[in-house]
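We name chains A, B, ... by the order of the sequence lines, and we start the count at 1 in each one. Bear in mind the structure is a predicted one, so any value in this text is a computation, not a measurement.
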Amino acid sequence: MTAFLAVVRRDLLLAYRDGAGTWTVLGFFVIAVAVFPLGLGPEPQLLARVAAGVVWAMALLAALLSLDTLFDADWRDGSLELLLSGELAPEALVLAKALAHWLASGLPLIVVAPLAGVLLHLPGNAAPTLAVSLLLGTPALSLLGALGAALALGARRGAALLAVMVLPLAVPVLIFGAGAVESAMLGLAAGPGLLILGGIALMALAVCPFAAAAALRQAVE
Amino acid sequence: MTAFLAVVRRDLLLAYRDGAGTWTVLGFFVIAVAVFPLGLGPEPQLLARVAAGVVWAMALLAALLSLDTLFDADWRDGSLELLLSGELAPEALVLAKALAHWLASGLPLIVVAPLAGVLLHLPGNAAPTLAVSLLLGTPALSLLGALGAALALGARRGAALLAVMVLPLAVPVLIFGAGAVESAMLGLAAGPGLLILGGIALMALAVCPFAAAAALRQAVE
Amino acid sequence: MGKAIAAMGGFLQRQAQPARVVDLCGRFLPFAFALAVICLAAGLISALVLSPPDYQQGESVRIMYVHVPAAWMGLFVYAFIAALGGVGLVGGHPLAFHAARAAAPVGAGFTAACLVSGSLWGKPMWGAWWVWDARLTSMLLLLFLYFGHAALTRAFDDPRRGDKAAAVLALVGCVNLPVIKFSVDWWNTLHQPASVFKMGGPAIDPSMLLPLLLMLGAFKALFFTLWLMRLRSSVVAARLRAAAARARGAAWR
Amino acid sequence: MFGNPFSTALPLAPFPLMLREAACWRGETEVFAGLDMMIEGGALWLIRGDNGAGKTTLLRLLAGMLRAAGGVVSWGDGQSPRKTPERALFIGHADALKPALTVGENLGFWAGFSGFAESPWPQASDPFGVWAYADVPLRALSAGQRRRVALTRLAFSAAPLWLLDEPVTALDAAGQRTVWELAAAHRRRGGAVVATTHAPMNLPDAQEMTLGGLR
Amino acid sequence: MFGNPFSTALPLAPFPLMLREAACWRGETEVFAGLDMMIEGGALWLIRGDNGAGKTTLLRLLAGMLRAAGGVVSWGDGQSPRKTPERALFIGHADALKPALTVGENLGFWAGFSGFAESPWPQASDPFGVWAYADVPLRALSAGQRRRVALTRLAFSAAPLWLLDEPVTALDAAGQRTVWELAAAHRRRGGAVVATTHAPMNLPDAQEMTLGGLR
Ligand code: HEM
Ligand SMILES: Nc1ncnc2c1ncn2[C@@H]1O[C@H](COP(=O)(O)OP(=O)(O)OP(=O)(O)O)[C@@H](O)[C@H]1O
Ligand SMILES: Nc1ncnc2c1ncn2[C@@H]1O[C@H](COP(=O)(O)OP(=O)(O)OP(=O)(O)O)[C@@H](O)[C@H]1O
Ligand SMILES: [Mg+2]
Ligand SMILES: [Mg+2]
C-alpha cells in the first residue's frame, strides 16, 4: 500500500511540475473549446447543437494526449524496471498509474467542463449530466489508455500506434457519453446512457490492469 | 546551404522514424475527424455545416501537438548547442526546422484533408478551397509554432505554455482559413480570405525566424 | 544635442540603481494612491448618481463606467509591457524587465474585469453571457496573451531568461491590439462601435463622457499605485535572492 | 524497516546465484553463450570486457530483466531471478531519476517505494553527501552530483545482490572511494556485489571475469 | 574539405584563448570567480576538481555556450568565444545523437552539417571503429559503443579547440588510448585540447588545473 501510494503521489507531482501533465491537458481542452466557435462561426444554436459532442471529443483527445508519457518516460529513464522489480504487483502498478493519470487529467477536465459548456451555449439543464457522464467515462478512458500505452511501449512510432489502438476501444465511451448529454439536452432520460457508461468503466477496471501488466512485463525484457 | 539541407533532411527522417512526427499528426487528424460524427450524430447536413470548422480546428490542434518536440528534443540531447555553433545562422536554422515541420506535418494534412472533407460531407465544390486554404495557412502555423517552441524551450510546463502562447497568435489563421472554406461552400468568393491568409503567412515568414532565433540564443545559455 | 542625450542617459543610469528605484517608488506611491482615491470617489459619484440612465439601456448602462475604462486599461497596459520589453531587450537593463513583470498581472486583472463586466452587461443586453463576436474573442485572446506572459516570466530557473522570452512574446502579441480596437469596424459585430476615441470627436453625451473620463483617470492612477508597489517589491525580492544565493554559494560547492 | 545498511544484517539471502551454460541474445545477435558463474554471499565480482562485450547484458540477466536464451540461471533456493527481481538492486546508466523533481523528492519516492522508512526522506542514509542539495531540482546538478544521488539508493536497499554498471563513472576520487566502501560493508553483511568497470583497479579479494574473449 | 585530421594542418587558429579574472554563474549561484588561464596552440589542459566544482561550466564558457558573469574571455584576435562558437568542438555527456537513427545517419548528418565531406558518411575518418555498426540504430548500442560514435566527430572537425568533458567515460582501454592519440595528433597540427577527467592520468606535458580550491 505504501508503494502504491508512493507511485500515485510521485506521478501527481510530476504531472503538476512537468509539461505533459495537468496543465497541458487543461490548456489543450480550454483552447480546443475556444477554437471551435472560431472555426464554426458564432451562431449560438449551432454551437449548442454540437456542444456535447465537442466537449466529449475534446475530452477524449485530451486524455489521449497525456497518455503517451504514461509509461514511456519511466521506461526511458530506467524507472519502469525498478518499479516492476519492487514488491508491488504489476497489476497494482498499472492501477496506481491509471489512478494518477485520472486524478491529473480526468478530474480537472470534469471541473472545467461546465465552463466549456457555457462557452458553447450548452443548455443549463444538460450541465449536470455532462459532469456526471465525464465522471463515469474518464476513468474508463484512463484505464483503456493505460492498456494502450503499455502495448505501445518501446514501439517505433509509439504515439501514433497508441492513438490507433486506443481509439476503437474508447469509441463506446464517447458515444454513450455524448449521447447521455444530448438526451438531457432534449429533455429525455439520461439514466440508461449513464448506466452503460458506468458498466464500461467497471469492465475496464476488471480487464485493463491485468492485460496492461502482461504487456509491461514484455516491454522491459 | 548544405547545412540547411542537412537539417531539413535529418528532421524529416526523424519525423518519419519517430513517434512524434508525421504518423502521429496523421493519426490524430484522421481519428479526430472520425470521432466527430460519433459525438455529433450522423446527420449529413449538420456535419456539412461544421465540416470546414472541424477540419481547420483539427489541423491547428494537430500542428500544435507536434510542436513541443520541435526544438526540445535537440535541446535535451545537446544537439541544439552544436547546431547553433555551426556556420548556419540561427535564423536559417529556425527556417530549416520550420520547413521540415511543415513538410512532415502540414503537407500530409493537406493531402488527407479532402478525404476528411468527404467523411464530413463537405460539399465537393468547397474541397479545392479547403486544400488551398490549408496550403496557405499551415506554413504560417509552422512558423508561429517555431516561435512558440523556441520561447518555451526549457521552461517548466513547456507544452502547456506553448499552447497558451501559440493559440492567440494562430487564431487569425484559423478564422480566415475556415471562413474561406465556408464562403466557398455558400458559393461566395473565397479569394479575399485566401489573400489575407497568404498575407499572414508572409508576415510570419518575415517576423518569426528572427524572433525565434533570438529566443534560441537565450535558451542555450 | 549628443551631449544632452549623454547627460540624460547618465541621469537615467543613476536613477536605475536598485536602491534609488526603491526610494523613488516610495516617494511617488502616496501621490498615485491619493489621486486614485480622489478620482474614484468623484467618478463613482458622477457615474452612479449624477449621470442619467440611458434611454435604451436603462440603469444597466452604468456597467459601462467600469467596463470601458477596464477595457482601455487592458489594452494600454499590454502596450506598456511590450514597450518595456522592447527597451529591456535592446538596452539590457534589468529594471525594464522588473517593470514589465510588475505591470503584467495588473493588466491581466483589468482585462478580466472588462470580460466579466462585459459578460454581466451582455446577459441583459444580448440575452447571453457570451457570444463569439470578433471583439469579445480578441479580448479573450488578449487575456490568454497575458497568461502566457505571466507564465513565461515564471517558467525558468533563470529569471532573466523568462523576462526576455516574455518580452519577445509581448512584442509579437502586439498585433492583437489593433485587431481588438478595429474589430468592430472590420466585422459586423454585436458589440458597440467606438464612440469616444474615433475620427471626428466623441459621439457621446458630456453627462456620460465626464464620469467616464473620471473613471478612466481613477483606473490609471490605480494602475500606477499597484505597479509602483509591485515594482518596489520585485526589486527588493531580487536583491534578497541574490544575497541568499551568495550566502549559499560556498556551502553549495 | 532495515535501518542503516552499515550496521544491520541482511535478511537471509539464498546465495549462491548460479549461471550454468547461460546464453543471452540482444535483438537478433547472440551476446554470449556457455557462461558459467557462481556468485556466493560476500563475493565481489568485477566484470571486464571491451565495449559491447556484454557486461551490461550480463548484469541485466542477473537482475532478472532479461530472459536467458539458453542454460540455467537460478538462486540457491531454485528460484529464477525473473521471478524474484526484488533480490537484486540494479544501478545502471539510466538512473531512474526525474529532472523535474528535487533530490529530496526523487530519493524520498524510491525510499517510500521500497518501504524503507517512515520518513519520506532517508536523511540518516546519506553516504554521498547529497543531503545538502535536498531542495535542488535534479536538472540543476552536475553529472557527478546526479550520479551520487542515484547511488544513494544503495544506502536504503534491502536487496542481497547489488548489480552496479560502471558505478564510479563521473565520480570524483572521494565518491569512488565511498562506492567501494559501501560495497565492502554490504559484503560484510553477507551480500554480494557484481560490478562492471573499465578502470584498472586493485581491490583485494575481488573475483574478475572478462567477457568477449571471442571478439 | 579538411580530409583526414591526422595529416592536414588546421586553418590558422588565433591562439591563445585567454581567461582573465573570469567568473561564471549557473542559475543564481556563483560557480567560480577570478579564474586566469591561457590556452596556447598545441597545449593539453586537464581540468580536475570534485563533483560540482565547475569543470563542465568552464568548458561551456570556453565553448561560448555560457556568458561570463565577470572578467574577460577572448581569443588572440580579440574575438569572444560567444561570437565565434565554430572555433571550438564541445563533446559532453549529452551526445547529440538520435536513438532512432542509425550510426551512419547520425554521423552522416553531423558531417554534412559541418560541411565536412561530399559523401554523407565519413568512412575515411573512423578512428573508433564504428563503421562496423553503420546500419545499426543508435538505441541498440552499448554505452561504450555509443560514446565511440559521439567521439568519432573529433575525426571530422575543423575546430582548433577541442573541449572534451570526461571523454573516456564508458570506453574500454583501447578506446581510451585512441582518444589520447587523437588529441596528440590534434596538438601536433597546432590545435589545443582541454579535457576534464576524474581518472588519475599521467600524460606527458599536460598542464593541470584544479577547480574548487575553496571547498
Ligand atoms: C464579455 C463581453 C465584452 C467584451 C470582452 C468587451 C470588450 C470591450 C473592449 C475591448 C472595449 C474597448 C474598445 C476600444 O478601446 O475601442 C469595449 C468598449 C465598449 N463596450 Fe464592450 N465588451 C463586452 C461586452 C459589452 C456589452 C454587453 C456592451 C453593451 C451592450 C458593451 C459596450 C461597450 C461600449 C459602449 C464600449 C465603449 C466603446 C467606445 O466608446 O469606444 N460591451 N468593450
Ligand atoms: N543547469 C544548471 N542550473 C543551475 N545550476 C547548475 C546547473 N548545472 C550545474 N549547476 C551547478 O553548477 C555547479 C558546477 O557544475 P558543473 O557541471 O560545472 O560541475 P562539474 O565540475 O562538471 O562536476 P562533475 O564532476 O560532477 O561533472 C554545480 O554546483 C552544479 O550543481
Ligand atoms: N537494446 C539492444 N538491442 C539490440 N542489441 C543491443 C541492445 N543493447 C545492446 N545491444 C548489443 O548487445 C551487445 C552487448 O551490449 P552490452 O550493453 O551488454 O555491452 P557492454 O559490455 O555493457 O559494453 P559497454 O562497455 O560499452 O557498456 C552489444 O554488441 C550491443 O550492440
Ligand atoms: Mg555497458
Ligand atoms: Mg561535469
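Residue E:Leu141 does not touch chain D at all, counting heavy-atom pairs closer than 4.5 Å. Neither the backbone nor the side chain of D:Ala174 has a heavy atom closer than 4.5 Å to any heavy atom of chain E.
Note: D:Leu171 leads D:Thr169, D:Thr197, D:Leu171, D:Thr57 in heavy-atom pairs under 4.5 Å with chain E. Per-residue heavy-atom pair counts under 4.5 Å with chain D were compared for E:Ala170, E:Gly92, E:Ala140, E:Ala173, and the maximum is reached by E:Ala170.
Under a 4.0 Å N-O distance rule, the pair E:Asp50/E:Lys55 does not qualify as a salt bridge.
Between the side chains of D:Thr196 and D:Arg48, no donor N or O sits under 3.5 Å from an acceptor N or O. Between the side chains of D:Asp135 and D:Thr102, no donor-acceptor pair is found at a separation under 3.5 Å.
E:Ser142 and D:Asn51 get closest at one heavy-atom pair: OG-C, 4.2 Å.
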